[in-house]
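The block underneath contains the structure these notes are about, expressed in structure tokens.
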2 protein chains.
Amino acid sequence: MAEALTGEAILVATEEVLRRYGPAKATVVDVAKALGVSHGSVYRHFPTKAALREAVTRRWLDAIHVEMESVLDPDATAGDNLRAWLQHLFDRKRLSHSDEPELFATYKVLVSESSIIPDYHLGHLVGQIARIVQAGVDTREFVTDDVQTTAQAVWDATQVFHHPAHAQEWGNPHIQDAFDAVVSLVVDGLRYNRIPSATGDA
Amino acid sequence: MAEALTGEAILVATEEVLRRYGPAKATVVDVAKALGVSHGSVYRHFPTKAALREAVTRRWLDAIHVEMESVLDPDATAGDNLRAWLQHLFDRKRLSHSDEPELFATYKVLVSESSIIPDYHLGHLVGQIARIVQAGVDTREFVTDDVQTTAQAVWDATQVFHHPAHAQEWGNPHIQDAFDAVVSLVVDGLRYNRIPSATGDA
DNA sequence: GGGCTGACAGATATTGAAATCTGTCATCCC
DNA sequence: GGGATGACAGATTTCAATATCTGTCAGCCC
């Protein structure tokens, strides 16, 4: 007999169908056709079309989460780590938007379709920022009385450079300067009342 | 004879029609009907429907610009002025969004329709921020080597609290906390290397 | 004379019938 | 038995015919 139909195979096929037809045109029937099965079989593995799309989105976001983890350098200062982390996220989104605009638009739609996916994604990334901020507080490089709130503030302050609603601004030739200015402002804010070269308290 | 048809009267009628029918349904014929004239007469005062809408939008934005000017207090510190200015802009947008969601959506569409209006609006508001930052630099409360870039960075860092794409987040019960955290981070960044109570250089 | 009108052409939007899609389930086949 | 199938009902989308709108302009009327 042929290969057993797995959830994994369905996800791969769904990704391909989404990539080819876009989020508006991709149907469950298309996915089944690509797999050479009836669409009823797809519904044995995923309860609804929305659940199927959500699973594809989660896979994609998880890959980003893993990639972002790898940016952190345990030997670097918290300021450098934060800057590199934000730069990497920005570069990734910007390249994706400029090189594969249709795929970028597809995932933008997929993420906005779900009510839980954005919280999942944001929670994870803000958690990574919180770890960087906490490391900075531990080495007395940063000052804050609430790491979680501060991490969220860092995320909020840099929205222009990762929220897809601002993607059209990423083509601006001076966007890197704007990024540097915001990140410098934010990192300086975290270092409030500290001389960069000093390690002691004020 | 009846009152002469003025550009001003047309703008008022257009605002009313936009408010009643929304941006998708409001037509030049509707405006002419509201004024009791033929739509050909409207075209004597505005060359295109787009120009008419743009004039309405500009009037609305100019009112915001004037209102924001009035928030500045020449006797307050730059930090307090910046915080109050950002808070006022945020409150205004948030109230507009929650109290008159349809009108808010209408103006969101109008602004995004034009290619020059967003630049006009942003340029003006960032200019006001630049004046606050410059005042802070003059009193040695703030430190920056490029007021214009820094003002733009302040604007960019607070996009979540004024860009309409983020309006849905404004209903979050903790949004004021998030606002305070970002503004504190930004103001602290502007004060980098300074003790709040000190006035001298480092 | 100078602003206003209303008929007009091309562009855009609306509508409703037809086609397709989603999700279910009785049935089939290995 | 357990997974796959395909016909089906209701919901959604497509498409083409129809209606409306935009922008122009020759002529009208105060």
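Bear in mind that the values here come from a model prediction, so they are computed numbers and not experimental data. Every chain is numbered from 1 and lettered A, B, ... according to where its sequence line falls, protein lines coming before strand lines.
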Review point. Can you list, by residue number, the residues of residues 8-25 of chain B that have a non-hydrogen atom closer than 4.0 angstrom to DNA chain C?
Key: B/Lys25

Rounded to whole Å, please give me the gap between [atom1] in [X] and [atom2] in [N].
| X | N | atom1 | atom2 | result |
| --- | --- | --- | --- | --- |
| B/Leu52 | D/dG23 | CG | C1' | 13 Å |
| B/Asp30 | D/dT22 | CG | C1' | 13 Å |
| B/Lys49 | D/dT20 | NZ | P | 16 Å |
| A/Leu35 | D/dA4 | CG | P | 11 Å |

Check your understanding: Are B/Ser38 and C/dG6 close enough that a side-chain N or O sits under 4.0 Å from OP1 or OP2?
Key -> no

Taking the side chain of [X] as heavy atoms from C-beta outward, which of [options] is closest to it?
| X | options | value |
| --- | --- | --- |
| A/His45 | C/dC4, C/dT22, D/dA4 | D/dA4 |
| B/Tyr43 | C/dT22, D/dG23, C/dG23 | D/dG23 |
| A/Arg44 | D/dT5, C/dG6, D/dA4 | D/dA4 |

Point to revise | Face-on cation placement of B/Arg191 at B/Phe142 ring, 6.0 Å and 45° thresholds | key: no

Check your understanding: When only distance counts, do a donor and an acceptor, one from the side chain of B/His39 and one from the base of D/dG23, lie under 3.5 Å apart?
Key -> yes

Check your understanding: B/Trp155 and B/Thr150: side-chain contact (heavy atoms from CB on, under 4.5 Å), yes or no, with the steps?
Key -> CA-CA 9 Å; B/Trp155 177 259; B/Thr150 301; over 6 Å; no

Point to revise | Any donor-acceptor pair under 3.5 Å from A/Ser41 side chain to A/Val37 backbone | key: no

Check your understanding: Is a side-chain N or O of A/His166 found less than 3.5 angstrom from the main chain of A/His162, in a donor-acceptor match?
Key -> no

Check your understanding: Does CD belonging to B/Glu67 count more than 12 external heavy atoms closer than 6.0 Å?
Key -> yes

Review point. For atom CD of B/Glu113, is the number of surrounding heavy atoms from other residues, nucleotides or ligands below 6.0 Å larger than 12?
Key: yes

Exercise for review: Using a heavy-atom cut-off of under 4.0 Å over every strand shown, decide if B/Val29 touches base, sugar-phosphate, or nothing.
Suggested key: base

Exercise for review: Pick base, sugar-phosphate or nothing for B/Ser41, based on heavy-atom distances below 4.0 Å to the nucleic acid.
Suggested key: base

Check your understanding: When the aromatic ring centroids of A/His121 and A/His65 are compared, is their separation below 6.0 Å?
Key -> yes

